[in-house]
Amino acid sequence: MPFEICKLTDHAVVDFAATELKKYLRMMMPECGDIAISRVSAPREDAFVLGVMQDLGLDTSEAADIELDDILYVDTTAKGGVIAGSNPRSVLLAVYRFLQENGCRWLYPGIDGEYIPVREIAPTFYHKMADARYRGQCNEGAESQQCMIETIDFTPKIGMNVYMIEFDNPFTYYNEYYNHKDNEANRKKEPVSYDTVKQWKRACECEIERRGLQFHDMGHGWTAEPFGISSIEGWKRVPSDKIPDDVRQYLAYRKASDGTSSRRFCGNVPLNTNVCMSNPAARAKVVKGVADYAVAHTNVAYTHVWLADACNNHCECEECQKMRPADWYMMMMNELDEELTRRGSDARIAFISYVDTMWAPEHVKIKNPRRFALLFAPIARKYLTSLDVASDKGETMPYERNRLRMPKTIEDCYAYLRDWRKLWQGTVFCYEYHFWINQYFDPGAMYFSRRISEDIKSMVKAGIEGLIEDGSQRSFFPNGLSYYVYGHTLFDLSADVDALTRDYFAHAYGEHADFAYEYLKTVTELFDFAYMKGEASTDRTHGKFYDPARKKNMENVITVAENAKKYAVEHTNCPKRVQTVSMQLLAHHADFCAGLAKCMMLKCEAKHEQAAALYHAFFDEFGKRELEIERYYDQYMCKSALRKIFEEQFQTSITQIIG
């Protein structure tokens, strides 16, 4: 009897779920013939019936909000049954879960990341609500449109439901890729226009909507754009004498190093410049800008309203000093709520606890918590430990305007969140940075996948309702294990990191799984994340990375990597395309590790100038491969991260924050 798919719920995302189910069923059973898709008004026992649970009479009472909470329900035989969810997006997630239970895996973004077995469908039952409500990622790094589209497609396949795009026009991130920053020696610039990037963002939004994902939008820029100051080129420097006369009055009043005070750009970077938040006219401009945007962009699940980037950049005028920045911020959020209410908009807003606003407000509370969510962004935390949920040992430091020292331990970061919760009992989710620069300090990725698992479990137990990861869309080098662990653990906190690792390696490397595991485990141990972050050396007379005893570790990396390269090349061609790709990546990765280890050998002995020269030469050479592996490897982000090791004097506002 031929297969048939019936849609009980009339919705575009359910339509897409049906076509995805058809595609993968036909791939799994290439001789099964065509699979008809039809719409029905009542369930049938002889077909796969897709729909929201309410239409099927299934209980959704475990969800506090059926639009935001994802319940997956699968009850099928070998020929049909029910595949349902609490909302249209959840139906799509349930389809992917049904396919996963029947042997499918999505290991990397793109066609080459799929593991689709040839097999018959087995009876399947699965019922679970996601343990975290918010599960997703935000664009960062050097991004191409192809990678953006492929990661959007990948998001629901590993159980995630959120995709965020920062900025009204994310030109700054696209520009890093198309101008091939930090790989100019190997790739010619391919400039793209502002208009092209805006079009591409709209295309991304449509792909996000097609899958029913929560679209989170914006972030930084609200302290610039409403005042006619462009943030389209990100953190580009602009001399303060270029500030329009009618705008200067709204900028933060701050003391310069020469002792004079004025209203000017912070470090000549408009995006890092806060406004005079005690000025009602300044707040009104921001409120109008956000309200105009939110009303016009009804496809957005949450509009993120963040203040300026960097820290210690708030207004020092007499009026602003009467309250903390977070108090003025909450006042502005209340004014935004009033304006959105006046316009009849139910737009959701995310405000952020980040750098200076880690210090909670003391006086002003949100009046309408149903509209808002608090985004907790502990950018300064170290990734050496996860939160001890049972401990209250974290401490806060006194607030001292523009002279702050950021919390470094995860327990200290959560101490600041506890202060926030005294005035805010609403939704809290986290903006994390595992896939920003931090991943690159664990070249083997085995340490970091475990840290991600432990972080998620401790954060959700501490009341965090989910995570959005800031990071490169090409965080899959040497493989996608960390993202695999991230997506699956956020959905199900009971997921065991060791079981996920075994599952990932078995499908990504096939019969070579044990070899790949041992190689990457050894590389992780030899490099040592704590050392690569500059946290392990005890003798810092010659710098954070001076440790002659570790030179032997780096020599061992070279030996291990050379053996891995030989093995990977000899066993590249595998039965499954995804395994061939994985072995190709392993060969490239072995060369990367050997080259990086040679650079680190010089750092171990405090030969800083030679190490820096070799670091640049190494990346120029390795960058020749980027075009071949660019879906998985981000040269710009990787080199930028490791610059922290090889150019210890290199500082930006953010590297100052994270130490």
Side-chain angles (χ1 to χ4, degrees), residues 70 72 74 93-94 96-109 113-117 124 126-132 134-137 151 154-162 383 386-387 432 434-435 438-439 442-461 464 466-467 469 471 475-525 529 576 578-579 581-582 585-586 589 632:
D70 291 314
L72 278 54
V74 178
L93 295 177
Y96 291 136
R97 186 70 204 199
F98 163 74
L99 293 167
Q100 180 184 321
E101 293 292 309
N102 279 277
C104 295
R105 295 293 186 275
W106 293 274
L107 305 171
Y108 309 95
E114 296 184 341
Y115 178 99
I116 311 299
T124 304
Y126 183 85
H127 177 201
K128 180 168 178 58
M129 186 173 82
D131 287 328
Y134 305 94
R135 313 178 304 279
Q137 59 188 303
T151 53
F154 185 64
T155 291
K157 289 175 175 175
I158 58 171
M160 300 197 295
N161 67 344
V162 170
Y383 289 83
S386 295
L387 178 68
E432 257 291 355
H434 296 91
F435 296 103
N438 297 287
Q439 63 176 317
D442 176 24
M446 301 295 280
Y447 168 86
F448 227 60
S449 58
R450 187 170 298 276
R451 172 64 56 236
I452 287 168
S453 173
E454 293 175 0
D455 278 349
I456 290 169
K457 293 178 180 182
S458 63
M459 288 176 179
V460 175
K461 288 177 183 176
I464 298 292
L467 279 75
E469 287 282 357
S475 296
F476 303 94
F477 186 69
N479 56 39
L481 174 64
S482 293
Y483 247 109
Y484 194 77
V485 169
Y486 175 64
H488 286 284
T489 307
L490 268 177
F491 192 90
D492 185 352
L493 290 184
S494 70
D496 176 71
V497 66
D498 292 319
L500 288 172
T501 301
R502 288 193 298 272
D503 181 80
Y504 188 92
F505 275 75
H507 290 90
Y509 299 101
E511 63 180 304
H512 311 298
D514 289 344
F515 177 84
Y517 177 88
E518 289 301 325
Y519 159 63
L520 293 174
K521 179 173 176 286
T522 302
V523 165
T524 281
E525 292 170 350
F529 177 80
K576 289 288 188 181
V578 68
Q579 294 167 0
V581 170
S582 295
L585 283 175
L586 208 65
H589 181 262
Y632 317 101

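Basis for what follows: all heavy atoms, side chains included, without hydrogens, waters or symmetry-related copies.
Under 4.0 Å is where a charged nitrogen must lie from a carboxylate oxygen, and between Glu114 and Lys576 no such pair does. With respect to the salt-bridge test (charged N to carboxylate O, under 4.0 angstrom), the residues Asp503 and Arg105 qualify.
The closest donor-acceptor contact from the side chain of Thr524 to the backbone of Lys521 lies at 3.5 Å or more, if one exists at all. In this structure a side-chain-to-backbone donor-acceptor pair under 3.5 Å is present from Asn102 to Phe98. Under a 3.5 Å cut-off, the side chain of Asn161 and the backbone N or O of Arg135 do form a donor-acceptor pair. The backbone N or O of Asp455 lies less than 3.5 Å from a partner atom in the side chain of Ser458, making a donor-acceptor pair. Between the Lys457 side chain and the Ala495 main chain, a donor and an acceptor come within less than 3.5 Å of each other. The backbone N or O of Gly136 sits nowhere less than 3.5 Å from a side-chain atom of Glu469 that would complete a donor-acceptor pair.
A distance of 11.0 Å separates CD of Gln100 from OG1 of Thr124, quoted to the nearest 0.5 Å. Distance check, rounded to the nearest 0.5 Å: CD1 of Ile464 to CD of Glu432 gives 9.5 Å. Rounded to the nearest 0.5 Å, atoms CG (Asp496) and OG1 (Thr501) are 8.0 Å apart. The distance from the CG atom of Leu493 to the NE2 atom of His488 is 14.0 Å, given to the nearest 0.5 Å. To the nearest 0.5 Å, the span separating CZ on Arg97 from CG on Leu72 amounts to 8.0 Å. Taking SG of Cys104 as the reference point, atom NZ of Lys157 lies at 10.0 Å (rounded to 0.5 Å).
Residues satisfying the ring pair (Phe, Tyr, Trp, His ring centres under 6.0 Å) test with Tyr115, not counting sequence neighbours, are His507. Checked against ring pair (Phe, Tyr, Trp, His ring centres under 6.0 Å), Phe505 has the following partners two or more places apart in sequence or in another chain: Tyr509, Tyr517. Under the rule for a side-chain hydrogen bond (donor to acceptor under 3.5 Å, both in side chains), the partners of Lys128 that lie at least two apart in sequence or sit in another chain are Asp131.
For Ile452 against Ser482, the heavy-atom pair with the smallest separation is CD1-CB, 3.8 Å. Contact between Ser449 and Val497 at its shortest, heavy atoms only, is O-CG2, 4.0 Å. Considering every non-hydrogen atom in both Gly466 and Ala132, the closest pair reads CA-CB, 3.9 Å. In terms of heavy atoms, Ala94 sits closest to Val74 at O-CG2, 3.8 Å.
Between Leu93 and Met160, every side-chain heavy-atom pair lies at or beyond the 4.5 Å cut-off. Here the side chains of Phe448 and Leu481 are not in contact, with every heavy-atom distance at 4.5 Å or above.
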Could you go through the side chain to side chain contact (heavy atoms under 4.5 Å, CB included) check for Leu520 and His589 one step at a time? CA-CA 10 Å; Leu520 293 174; His589 181 262; 3.6 Å; yes

For Arg450 and Asp498, what are the C-alpha separation, side-chain angles and deciding distance, and is it a side chain to side chain contact (heavy atoms under 4.5 Å, CB included)? CA-CA 8 Å; Arg450 187 170 298 276; Asp498 292 319; 2.5 Å; yes

Side chain to side chain contact (heavy atoms under 4.5 Å, CB included) evaluation trace for Tyr134 with Leu467: CA-CA 6 Å; Tyr134 305 94; Leu467 279 75; over 6 Å; no

Would you please test Thr155 and Gln137 for side chain to side chain contact (heavy atoms under 4.5 Å, CB included) and show each step? CA-CA 8 Å; Thr155 291; Gln137 59 188 303; 3.0 Å; yes

Tell me, with the steps shown, if Tyr486 and His434 meet ring pair (Phe, Tyr, Trp, His ring centres under 6.0 Å). CA-CA 10 Å; Tyr486 175 64; His434 296 91; 7.4 Å; no

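Around atom CD of Glu511, no more than 12 heavy atoms belonging to other residues, nucleotides or ligands sit under 6.0 Å away. Counting heavy-atom neighbours within 6.0 Å of Asp514 CG, excluding the residue itself, gives a total of 12 or less.
Checked against the 6.0 Å centroid threshold, Tyr383 and Phe529 do not count as a close aromatic pair. When ring centroids are compared, Trp106 and Tyr484 stay outside the 6.0 Å threshold. A ring-centre distance under 6.0 Å is found for Tyr483 and Phe476.
A donor-acceptor contact closer than 3.5 angstrom links the side chains of Ser475 and Gln439. No side-chain N or O of Ser582 forms a donor-acceptor pair with one of Asn479 less than 3.5 Å apart.
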